[in-house]
Each structure stands twice: as structure tokens, then as C-alpha cells.
Amino acid sequence: MHEVTFLCPKDLQDAVRLYRTTPGCRPLAGGTDLMVMLHARTLRPQPRAVLDIWSLAELKGVRRHSGMLEIGAAESYTGIIRSREAHRHVPALVAAARTIGAAQIQNRGTLGGNLANASPAGDTLPILLAYDAVVVTDRRSIPIDQFFTGYRKTALQPDELITAVRFPQGRDVVFRKVGTRAAQAISKVMMAVSRKPARIAIGSVAEVPLRARGAEAALERGDVDGAIAAVADDIRPIDDVRSTADYRRTVTQNVLRELLSVG
Ligand SMILES: Cc1cc2nc3c(=O)[nH]c(=O)nc-3n(C[C@H](O)[C@H](O)[C@H](O)COP(=O)(O)OP(=O)(O)OC[C@H]3O[C@@H](n4cnc5c(N)ncnc54)[C@H](O)[C@@H]3O)c2cc1C
């Protein structure tokens with residue numbers, strides 16, 4: 001059994017320094033993904049140190065920043081659900097946060113963890129794509145549509161820490177999560193849509209959470225039927241334990257039709 005060193009930085013600056021200087025180090029926010037992976041020994045390479053960023057004040061909170069809404073990377077889903085600013089400016093994110101796991105996971109799971117984990121089934125990720133969110137790190141800002149680079153791969157450097165996520169204000173986003181049950185379900189299809197500008201973002205239908213560019217172009221022209229037809233070609237679903245590719249394709253078109261009739 002190999003030993004893992006537990007690092008407790010005193011502030012963000014200390015965390016950034018430790019992350020850059022400790023080989024084989026992984027940040028630990030809520031731990032709802034990381035602890036599962038550590039326990040199952042599925043991480044390659046196995047981390048030699050974990051950096052506990054959960055309590056860092058700089059990574060908490062929901063606030064306005066330069067005309068945008070900013071949510072700290074280590075803010076929990078419960079914190080987002082309880083935030084008045086989040087309700088006012090990113091209600092779709094609040095509603096999506098309510099569908100994640102159950103209370104225990106909402107109390108510990110964070111936006112930064114969902115992003116860095118980069119699962120194609122991560123529920124906040126299509127929402128972030130539909131809002132054109134910006135991922136802020138200890139060294140730069142990354143537009144969300146440049147963040148996911150492959151299956152569970154991101155644009156982050158190995159020692160780069162997500163510090164916050166920023167959202168432009170004044171956008172209407174609607175979403176629908178399709179799972180096996182109403183609670184504790186990993187999404188079979190997760191879709192978030194904005195009409196203006198046209199954004200159609202979908203999870204669990206490709207190796208990354210993706211923007212359906214063909215469908216967006218049709219929607220931009222006001223061609224709703226064209227968008228519903230095009231979305232089937234935008235996605236790259238697979239058969240897996242949760243669903244078949246054919247099912248996901250049909251559901252994706254049905255969900256888009258439904259969201260465009262209310263959105
Ligand atoms: C029972 C259960 C139910 C779940 N249900 C859902 C669900 O319905 N929908 C869903 O989307 N997810 C679900 N999850 C997955 C998980 O809860 C989320 O992905 C959560 O957002 C992860 O956040 P965390 O803070 O716990 O991440 P952690 O486990 O702390 O970290 C996850 C990964 O991100 C890295 N990381 C964390 N923070 C940062 C940062 N600031 N900068 C750089 N890297 C960072 C870590 O090193 C690790 O690799 C579930 C998990 C469990 C165990």
C-alpha cells in the first residue's frame with residue numbers, strides 16, 4: 001500500500017506554490033470523485049500527495065466580478081443552491097445543482113471538481129457551455145468551449161488550479177437531464193439550451209460534453225426543425241452500461257424539441 005501525503009495549504013498562494021512544487025500531487029476539493037478513484041486505485045499514476053483546497057476562503061463564495069457572476073471553484077452545490085445571486089443570474093445552474101447526487105454529494109461536490117474531473121456525464125458542464133462560462137485558473141482564463149480536449153482531458157496544465165468560474169449575465173438557459181431515476185442517477189443525456197445566442201450543449205453523447213454546432217447554426221437562422229435534424233449528426237453517442245447509442249440519439253432529438261418549444 002503506497003503512502004499519500006496530505007497537504008493543508010494555509011491560503012490560495014500557499015496552495016499554488018505547493019501544487020507547483022510537489023511531484024505527483026492532486027487537488028482535493030469535496031473528494032466525491034477523487035476519494036472514489038483513490039479507493040478504487042483507478043488513477044494513473046497513483047497520486048503521491050493530495051492538496052486539500054476544500055477550506056480555502058479564496059475558492060468559496062458567489063459574487064459579482066467585472067459585470068459577471070463569479071463562483072469559487074471550491075463552492076459546493078449546496079452553496080450555489082442557497083445563493084441569491086446564483087438564483088438571480090444562473091437559475092439553470094441552481095436547478096442542475098439540485099439534481100446532482102443527493103444532499104451528501106451536494107454538500108461536498110464542487111463546480112471546480114466537476115470541471116477538472118471532465119466526465120462526459122458531468123451535469124454542470126453542458127450548463128456552463130450554454131452560458132459561455134469562463135474557467136479562471138491561478139494563471140489565466142479559459143473559455144469553456146476550449147476547456148474539454150478529449151475523454152476526461154482538459155486544457156489545464158498538470159499543476160494548474162481552477163480558482164473560479166465566471167458567467168456572463170442576462171442569458172436564459174433551460175435544461176433537461178434524462179436519467180434512470182429522478183435522484184442519484186448518472187445522466188443518459190443532459191442538455192442545456194440558450195435561444196439567444198443559440199447554444200445547444202449536451203452531455204453523455206460523446207467523449208466530451210459538446211456544443212451541437214450544426215444544430216446551433218440552424219437555430220440561429222430560426223430553423224427549429226433543421227436544428228432537431230442536425231443535432232443527430234452533431235453527437236457521437238456510444239452503447240454503454242447506461243444506454244444504447246440509438247436510444248441516446250432519439251432522446252437527444254426529443255429533448256431538443258421539448259426544450260425549443262418552451263425556451
Ligand atoms: C454518489 C455520487 C453521486 C454523484 N452524482 C453526480 C451527479 O448526479 N452528477 C454529476 O455531475 N456528478 C455526480 N457525482 C460526481 C461528483 O460528485 C461531481 O463530479 C463533483 O462535482 C466533484 O466535485 P468534488 O469537489 O467532490 O471533486 P474532487 O473529488 O475533490 O475532485 C475531482 C477531480 O478534480 C480535481 N480538482 C478538484 N478541484 C480542482 C481545482 N480547483 N483545480 C484543479 N483540479 C481540481 C481533483 O484533483 C480530481 O481529479 C456523484 C458522485 C457520487 C460519489
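Residue numbers run from 1 in the order of the sequence given. One-based numbering, in listed order, for ligands and for the atoms of each. Heavy atoms only: backbone and side chains are in, while hydrogens, waters and symmetry mates are out.
- At a 4.0 Å heavy-atom cut-off, ligand 1 touches D33 through backbone and side chain alike.
- Using a 4.0 Å cut-off between charged side-chain N and carboxylate O, R195 and D172 make no salt bridge.
- Of the polar atoms of A29, at least one N or O is found under 3.5 Å from an N or O of ligand 1, judged by distance alone.
- Taking 4.0 Å as the cut-off between side-chain N and carboxylate O, R140 and E160 count as a salt-bridged pair.
- If you check each of L28, N117, T32 against atom 16 (C) of ligand 1, the one with the closest non-hydrogen atom is T32.
- Remark: ligand 1 and L34 share an N or O pair separated by less than 3.5 Å (distance only, no angle test).
- Taking only nitrogen or oxygen atoms, main chain and side chain alike, L111 does not reach within less than 3.5 Å of ligand 1.
- Summarising the contacts of atom 34 (O) of ligand 1 with G101, A116, A164, A96, the nearest heavy atom is found in A116.
- The atoms of ligand 1 that sit less than 4.0 Å from any heavy atom of G31 are 24 (P), 26 (O), 28 (P), 29 (O), 30 (O).
- Nearest to atom 23 (O) of ligand 1 by heavy-atom distance, out of D52, T110, I100, I53, is T110.
- Using modelled atom types, one finds no donor on one side chain facing an acceptor on the other under 3.5 Å when comparing D239 with T244.
- The local environment of CZ in R20 is crowded, with over 12 non-hydrogen atoms from other residues, nucleotides or ligands closer than 6.0 Å.
- Heavy-atom contacts of G122 reach the following atoms of ligand 1: 11 (O) (cutoff under 4.0 Å).
- Contact atoms of ligand 1 toward I105: 1 (C), 2 (C), 3 (C), 17 (O), 52 (C), 53 (C) (distance under 4.0 Å to a heavy atom of the residue).
- Looking only at atom types and distance, the side chain of N114 has a donor-acceptor partner in the side chain of T124 under 3.5 Å away.
- In terms of polar-atom proximity, P27 is counted as a contact of ligand 1, with an N or O under 3.5 Å from an N or O of the ligand.
- Contact annotation for K177 and ligand 1: only side-chain heavy atoms (C-beta onward) come within less than 4.0 Å of the ligand.
- Summarising the contacts of atom 12 (N) of ligand 1 with T124, N114, V165, T154, the nearest heavy atom is found in N114.
- Every atom of ligand 1 with a heavy atom of D123 under 4.0 Å away is listed here by number and element: 7 (C), 8 (O), 9 (N), 10 (C), 11 (O).
- Salt bridge D145/R213: present, at least one basic N to carboxylate O contact under 4.0 Å.
- Using a 4.0 Å cut-off between a side-chain N of Lys or Arg and a carboxylate O of Asp or Glu, R139 and D159 qualify as a salt bridge.
- Near L161, meaning under 4.0 Å from any of its heavy atoms, are these atoms of ligand 1: 42 (N).
- In summary, D132 and R171 engage in a salt bridge, as defined by a charged side-chain N under 4.0 Å from a carboxylate O.
- Ion pairing between a basic and an acidic side chain is recognised when a charged N comes within 4.0 Å of a carboxylate O; E70 and R63 show such pairing.
- Relative to the ring axis of Y247, K188 places its NZ or CZ within 45° and under 6.0 Å from the centre.
- At least one heavy atom of Y77 lies less than 4.0 angstrom from ligand 1.
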